[in-house]
Amino acid sequence: PIEGAPAPDLPDKVTVTTISSYSWLDEENKVKVFVPFPGAADLPDGSVSCSFERTLAQLRVRDSVGRVHQLRLPNLHSAIEPAKCKWRANAERITLILAKASTADSGSAGGRWHQLLRPLHH
């Protein structure tokens, strides 16, 4: 076991709220996901974290009172290049910038996305 104090600023039970309001825009080599979050630019360093995988993007935001808000986008329409993806915050929103992966046949990035997520097949 690793000894040490628990992470600071984390309450014993963290409630995670799912972010359900967002919009997105397909651009030539990237897709932008816009998440309304007033005051995002004023959050302390470390309050926003993003993780990217080939067909998944996830955003977690800890607000000023310690609540965690999460947007999870599994089954992205096409593959992305995680190392080239990033995020930025301004006064009104957080923007995820998803870099489209190149396609083997054309060498160009991912093609046009007509939807953000592929339907889940059961």
Side-chain angles (χ1 to χ4, degrees):
I2 299 173
E3 294 184 34
D9 301 325
L10 281 179
D12 289 338
K13 291 185 179 181
V14 176
T15 301
V16 177
T17 302
T18 299
I19 296 170
S20 56
S21 176
Y22 62 89
S23 58
W24 65 282
L25 174 67
D26 178 271
E27 294 187 353
E28 188 173 334
N29 295 322
K30 61 190 167 224
V31 172
K32 292 183 177 178
V33 180
F34 306 103
V35 181
F37 206 95
D42 299 324
L43 291 169
D45 287 346
S47 296
V48 178
S49 65
C50 289
S51 59
F52 304 103
E53 296 174 21
R54 194 149 173 76
T55 57
L56 172 116
Q58 180 172 285
L59 165 70
R60 288 179 73 113
V61 185
R62 183 173 315 143
D63 66 20
S64 58
V65 296
R67 289 180 302 226
V68 174
H69 305 264
Q70 176 176 278
L71 173 64
R72 184 173 167 83
L73 301 170
N75 288 342
L76 291 171
H77 178 270
S78 295
I80 59 174
E81 293 193 31
K84 294 182 180 179
C85 296
K86 56 189 175 184
W87 64 271
R88 66 174 171 241
N90 66 23
E92 296 301 317
R93 69 181 180 213
I94 297 168
T95 303
L96 306 182
I97 301 156
L98 310 178
K100 294 179 183 178
S102 296
T103 56
D105 55 349
S106 68
S108 66
R112 185 148 182 77
W113 289 24
H114 298 287
Q115 55 193 22
L116 183 61
L117 305 175
R118 284 180 307 171
L120 290 171
H121 298 289
H122 297 286

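Computation of the quantities below employed the complete heavy-atom set of this structure, encompassing side-chain atoms and omitting hydrogens, waters and symmetry-equivalent molecules. Because the structure is a prediction, the values reported are computed rather than measured.
- Without hydrogens or angle criteria, Asp26 side chain to Arg112 main chain gives no donor-acceptor distance under 3.5 Å.
- Remark: Leu96 CG to Cys50 SG distance equals 5.0 Å, nearest 0.5 Å.
- Atom CG of Asp42 sits about 10.5 Å away from atom CG of Asn90, to the nearest 0.5 Å.
- Note on Phe52 and Trp24: same hydrophobic cluster, where clusters join Ile, Leu, Val, Met, Phe, Trp and Tyr whose side-chain heavy atoms are under 4.5 Å apart, directly or indirectly.
- The distance from the SG atom of Cys85 to the CD atom of Glu53 is 11.0 Å, given to the nearest 0.5 Å.
- Side-chain N or O atoms of Lys30 include none that pairs as donor or acceptor with a backbone N or O of Lys100 at under 3.5 Å.
- Follow the hydrophobic side-chain contacts under 4.5 Å out from Phe34 and you never reach Leu98; the two are in separate clusters.
- Here the closest heavy-atom approach between residue Ala40 and residue Arg93 is recorded as CB-O, 4.0 Å.
- Within a 6.0 Å radius of CZ in Arg88, other residues, nucleotides and ligands contribute 12 heavy atoms or fewer.
- Remark: Glu27 engages Lys32 in a salt bridge, criterion side-chain N to carboxylate O under 4.0 Å.
- Side chains of Thr17 and His69 form a contact here, defined as non-hydrogen atoms less than 4.5 Å apart.
- The shortest distance between side-chain heavy atoms of Val61 and Ile94 falls below 4.5 Å.
- Residues Ala99 and Lys84 come closest through the heavy atom pair CB-CB, 3.6 Å.
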Inset, instruction - Give the C-alpha distance, both sets of side-chain angles, the deciding distance and a yes or no for side chain to side chain contact (heavy atoms under 4.5 Å, CB included) between Val31 and Leu76. - result: CA-CA 10 Å; Val31 172; Leu76 291 171; over 6 Å; no

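- By the 4.5 Å heavy-atom criterion applied to side chains, Gln58 and Gln70 are counted as neighbours.
- Note: His77 and His114 have perpendicular aromatic rings, judged against thresholds of 30 and 60 degrees for the angle between ring planes.
- In terms of heavy-atom proximity, Pro74 sits nearest to Leu117 at O-CD2, 3.1 Å.
- Looking at heavy atoms from C-beta onward, Leu71 lies in side-chain contact with Val33 at the 4.5 angstrom threshold.
- Cluster annotation: Ile97 is not connected to Leu116 through the hydrophobic network of ILVMFWY side chains, with a link wherever side-chain heavy atoms come within less than 4.5 Å.
- Counting only heavy atoms from C-beta outward, the side chains of Arg72 and Leu56 approach each other to under 4.5 Å.
- The only option from Leu73, Val48, Thr95 that meets the side chain to side chain contact (heavy atoms under 4.5 Å, CB included) definition with Leu59 turns out to be Val48.
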